Colleague: 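My structure is below; once you've seen it, I'll send some questions.
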Amino acid sequence: MKINKMLSKRFEELASALDFLGENPFKVRAYLKVSRILDEMDEEVSEIYKMEGLSGLEKIPGIGEGIAKKIAEFLETGTFQKYEEVMSQVPPDLLILMNVPGIGPRTLKQIYDNFRVTKMEDFVKILDDPRLLQLPGMGEKKIENIKRGLELYLSMQERMPLGVAMGIVEELLEYMNKCEYVKFISPCGSYRRMKETVGDIDILVVGPNGSEIIKYFTQYPLVSDVLASGDTKGSVVIENKYQVDLRVVSEESWGAALQYFTGSKSHNVKVRSIAKSKGLKVSEYGVFMGDKYVAGREEEEVYRALGMEWIPPELREDQGEVEAALAGNLPNLVEFKDIKGDLHVHSSYSDGSSSLEELAKYSISFGYSYLGVCDHSKSVKYAGGLAIDGLREKNREIDRLNSELGGFRLLKGTEVDILADGKLDYPDEVLAELDFVVASIHMWKKNEDATERILKAMESPFVTIIGHPTGRLIGQREGYRVDIDAIIEKAVETKTFIEINSYYERLDFNDVNAKKAKEKDVLLVINTDAHHTGQFSMVRLGIGQARRAWLMPNDVINTRPLEDLIELLNTKRK
DNA sequence: GCCGTTTTCGGCCCGACTGTTTTCAGTCG
């Protein structure tokens, strides 16, 4: 694990433990903030410390003298005193219990002080102990709540991939739109920001009859548990796994609430501090000067009231977007209408289920002017990889279809495997017959560092695009090890493009890596890796990651019209 | 513990929901 992540974890644990021990909540929050900063930082603190020492660390906003010293101590000795000292006072199982919904630091402390439980199983037993009811503030319902929270905690451990959330949201919105009281509705939260995983789903509604809307919401057929149901807020669990929160606000608060519930938390903190410096107050009800309502009907209005441009949700991570909005310097992010075609889909020639003709016709109806068909190469047996004859047969069908398709163009491609020694799975003369080549890795040894393999492949003049460069599957496997900076550097040197794979389990390159690539002027391509036409719409997930990476249309090659694209695809071969 | 156009002390986002209370504490987002 990277040092930043290790430190981030330590500070998070420290915060939980201090919270449990009743330390000043602001101190707890300071540690939590640092934990988050470390988790999201690109640069390694060890490098900063090596180059600039303590003062370098203190330059990072959120890190002051105290925490800088703790980080330095950790870098020198592998741990820090404060952490050891505090952790020794809190049983590890109790820290886990703090993450259970319905159990907070106070409740846990009270139970611990009275019953001295230190183990998870003892805690579960105590929940059935009648003596628990004697404690102040403890009632039957509260205990039921904790039990339910424990169950939920066990079934909702993981965040869902964005693509899974998208399916849930779309179906739920369809249901909610049938409610006669719903006037406007929008998802917010990390879903709206297109974060690659979503913890729970937040939905915002405007409508005249809050309690009826919430009631309708809790009656959604897929609801397995109702956690809260009031006049303005409802909270349910869907299919025993996914938490969905819905809030109802008035029309004049719609924009402010959308802004507020979209987050991120750090973005909102920044926005609110700007508001404060201007003598304004921002809440989910609007922007206020004293008690006077200044703005809030539309999101644009909220940002404008604070002297900012409207900030696209994907940028709201406190990564410089507030400063850019204040200066009027926000990027014009790439959007779906810019995308002219997909350069990585599979057909029924390998493991896809749509024919070339179906793919072409669907592409046209999807608004595309070209489509790159990339079936697997011969070594990928489990995915029906094409032998050379099969590939040539497919090429002939593409030629035939192209003569019938008018202005639309099918491009001959392949997803050629990068073999264990970095060689490609087809010889050069076969690759030369194609319009372009996506090269990717599907087979690797456990713990293998695949950097050299990929770098070697990139040196081939025929490798146009590196496909799903890290091999990770969200929530399932980490992928092979790879030095991202080296890949980016090689992409610059060899003029190779890098894929943002939109497949819902992949999202690979992710937002952070794509941003790094952009900073080195590497061009990217947003592909879906679709295996049938129903998966074309996943492109929205990839566009979301691209937007989170601050990419503009010019940073992405498949925003180019066909002729320009073909010229780009040929740059390396020349 | 951090931070500063309210600058070395005294704030730190703030409101809804729930359950237990009889005016509020705890938890959550």
Side-chain angles (χ1 to χ4, degrees), chain A residues 11 14-15 18-20 22-37 57-71 80 82 86 97-111 132-146 148-149 152 188-191 198-204 210-211 214 218 226-236 243-249 253 256-257 259-288 318:
Chain A
F11 282 119
L14 183 57
L18 288 172
D19 205 6
F20 172 79
E23 178 62 275
N24 174 356
F26 296 109
K27 195 183 277 192
V28 171
R29 216 164 65 194
Y31 282 123
L32 274 180
K33 187 175 170 191
V34 168
S35 167
R36 203 202 68 239
I37 290 166
L57 296 175
E58 284 179 50
K59 275 190 214 139
I60 302 165
I63 297 180
E65 196 187 345
I67 290 182
K69 279 191 181 145
K70 291 180 178 69
I71 293 176
F80 54 96
K82 176 86 175 181
V86 172
L97 283 164
M98 295 247 305
N99 296 319
V100 173
I103 307 176
R106 300 284 81 78
T107 309
L108 196 58
K109 186 74 165 36
Q110 200 190 31
I111 295 176
L132 196 55
L133 286 163
Q134 306 304 313
L135 299 182
M138 223 15 115
E140 303 227 351
K141 283 195 167 177
K142 194 158 182 182
I143 293 171
E144 270 317 300
N145 227 4
I146 293 174
R148 207 167 45 169
L152 276 178
C188 6
S190 52
Y191 175 80
V198 176
D200 54 28
I201 294 169
D202 293 297
I203 310 279
L204 187 68
S211 58
I214 302 287
T218 59
V226 178
L227 301 175
S229 171
D231 290 341
T232 66
K233 186 179 160 181
S235 187
V236 302
Q243 185 171 334
V244 183
D245 297 334
L246 182 136
R247 292 167 177 88
V248 181
V249 297
S253 298
Q259 195 286 325
Y260 177 73
F261 292 120
T262 296
S264 67
K265 196 169 256 212
S266 43
H267 172 85
N268 283 357
V269 167
K270 179 77 115 310
V271 166
R272 286 183 178 208
S273 75
I274 303 261
K276 207 169 172 184
S277 72
K278 294 181 190 282
L280 297 165
K281 193 187 79 168
V282 182
S283 75
E284 58 263 54
Y285 299 108
V287 182
F288 297 89
D318 190 21

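Because the structure is predicted, anything quoted here is derived from the model rather than measured. Letters go in sequence order (proteins before strands), and every chain restarts at 1.
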Colleague: How many Å lie between CG on N268(A) and C1' on dC12(B), as a whole number?
Modeller: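 The answer, rounded to whole Å, is 16 Å.
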
Colleague: To the nearest 0.5 Å, how far apart are OG1 in T107(A) and CG in L97(A)?
Modeller: 11.0 Å

Colleague: To the nearest Å, give me how far apart CD (E65(A)) and P (dT8(B)) are.
Modeller: 17 Å

Colleague: Starting at atom CD1 of I143(A), determine the distance to atom C1' of dT20(B), rounded to an integer number of angstrom.
Modeller: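 In whole Å, dT20(B) C1' and I143(A) CD1 are 12 Å from each other.
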
Colleague: Between G137(A) and S277(A), which residue's closest nucleotide on DNA chain B lies nearer the 5′ terminus?
Modeller: S277(A)

Colleague: Distance check needed: dG4(B) P versus I274(A) CD1, whole Å only.
Modeller: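 For the pair I274(A) CD1 and dG4(B) P, the rounded distance is 12 Å.
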
Colleague: Working to the nearest 0.5 Å, report the span between NZ of K233(A) and CZ of R247(A).
Modeller: 5.0 Å

Colleague: Can a side chain N or O of Y285(A) be found less than 4.0 Å away from OP1 or OP2 on dA16(B)?
Modeller: yes

Colleague: Would F80(A) and F11(A) count as a close aromatic pair, with their ring centres under 6.0 Å?
Modeller: yes

Colleague: Kindly indicate whether the side chain of E58(A), heavy atoms from C-beta on, has any atom under 4.5 Å from the side chain of I67(A).
Modeller: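 Answer no - side chains too far apart.
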
Colleague: Say we look at dT20(B) and dT27(B): how far apart would their C1' atoms be, to the nearest angstrom?
Modeller: 14 Å

Colleague: Using a heavy-atom cut-off of 4.0 Å across all strands, would you classify D231(A) as base, sugar-phosphate, or nothing?
Modeller: sugar-phosphate

Colleague: For dC17(B) versus dT22(B), give the span between their P atoms, rounded off to a whole number of Å.
Modeller: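 Rounded to whole Å, the distance is 22 Å.
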
Colleague: Would you mind reading off the distance between L14(A) atom CG and dG1(B) atom P, rounded to a whole angstrom?
Modeller: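 Roughly 9 Å, once rounded to whole Å.
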
Colleague: Strictly under 4.0 angstrom, non-hydrogen atoms only: write out the protein contact profile of nucleotides 24-29 of chain B, one letter per nucleotide from the 5' end, B, S or -.
Modeller: --SSSB

Colleague: Between I63(A) (CD1) and dG1(B) (P), how many Å, whole number?
Modeller: 14 Å

Colleague: May I ask you to say what K70(A) touches in the nucleic acid, namely base, sugar-phosphate or nothing, with a heavy-atom cut-off under 4.0 Å?
Modeller: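 Touches sugar-phosphate only.
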
Colleague: Here's a test of your reading of the structure: between G139(A) and K33(A), which maps to the more 5' nucleotide of DNA chain B?
Modeller: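 The residue mapped nearer the 5' terminus is K33(A).
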
Colleague: Taking atom C1' of dG11(B) as reference, at what distance in whole Å does atom CZ of R29(A) sit?
Modeller: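 Nearest whole value for this atom pair: 10 Å.
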
Colleague: Whole Å only: how far is the CD atom of E144(A) from the P atom of dC17(B)?
Modeller: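 Between P of dC17(B) and CD of E144(A): 22 Å.
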
Colleague: Rounding to an integer number of angstrom, what distance separates dT21(B) and dA16(B) when you compare their P atoms?
Modeller: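 To the nearest whole Å, 24 Å.
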
Colleague: State which of dG1(B), dC17(B), dC13(B) makes the closest approach to the side chain of A228(A).
Modeller: dC17(B)

Colleague: Please check the phosphate of dT6(B) (OP1 and OP2 only) for any side-chain N or O of K276(A) closer than 4.0 Å.
Modeller: no

Colleague: Of all the choices, dC13(B), dG1(B), dC3(B), which nucleotide is nearest to the side chain of P61(A) once you look at every atom?
Modeller: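 In terms of side-chain proximity for P61(A), the closest of dC13(B), dG1(B), dC3(B) is dC3(B).
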
Colleague: Could you measure between the two C1' atoms, the one in dC12(B) and the one in dT18(B), and give it in whole Å?
Modeller: 26 Å

Colleague: Using a strict 4.0 Å threshold on nitrogen-to-oxygen distance, state whether E144(A) and R148(A) make a salt bridge.
Modeller: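 The answer is no: the pair does not qualify as a salt bridge.
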
Colleague: Taking any heavy-atom pair under 4.0 Å as a contact, classify P25(A): base, sugar-phosphate, or nothing.
Modeller: nothing

Colleague: dC9(B) and dG15(B): how far apart are their P atoms, nearest whole angstrom?
Modeller: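 It works out to 30 Å between them.
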
Colleague: Do you know which of K270(A), H267(A), R36(A) makes side-chain hydrogen bond (donor to acceptor under 3.5 Å, both in side chains) with D318(A)?
Modeller: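 The side-chain hydrogen bond (donor to acceptor under 3.5 Å, both in side chains) with D318(A) is passed solely by K270(A) among K270(A), H267(A), R36(A).
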
Colleague: Say you draw a straight line from CG of D19(A) to NZ of K27(A); how long is it, rounded to the nearest 0.5 Å?
Modeller: 12.5 Å

Colleague: Taking the C1' atom of each, how far is dT8(B) from dC13(B), in whole Å?
Modeller: 24 Å

Colleague: P atom, dG10(B) versus dG19(B): distance in rounded Å?
Modeller: 40 Å

Colleague: Please work out if K27(A) contacts a base, only the sugar-phosphate, or nothing of the nucleic acid, heavy-atom cut-off 4.0 Å.
Modeller: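 Contact class for K27(A): base.
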
Colleague: Closest approach to the side chain of K141(A), judged atom by atom: which nucleotide of dG1(B), dT20(B), dC3(B) is it?
Modeller: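 When the side chain of K141(A) is considered, dT20(B) is the closest of dG1(B), dT20(B), dC3(B).
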
Colleague: For a quick test of reading the model, state the closest non-hydrogen atom pair linking S229(A) to I214(A) and the distance between them.
Modeller: OG-CG2, 3.7 Å

Colleague: Across all strands shown, which nucleotide pairs with dC24(B) by Watson-Crick or G-U wobble geometry, both distances under 3.5 Å?
Modeller: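 Matched dC24(B) with dG19(B) under the 3.5 Å cut-off.
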
Colleague: Would you say dC17(B) has OP1 or OP2 under 4.0 Å from some side-chain N or O of T232(A)?
Modeller: yes

Colleague: Please state the P separation for the pair dG11(B) and dT6(B) - nearest whole angstrom.
Modeller: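 After rounding to an integer number of Å, I get 15 Å for this pair.
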
Colleague: Could you give me the CA-CA distance, side-chain angles and deciding distance for N268(A) and Y260(A), then say whether side chain to side chain contact (heavy atoms under 4.5 Å, CB included) is met?
Modeller: CA-CA 7 Å; N268(A) 283 357; Y260(A) 177 73; 4.0 Å; yes

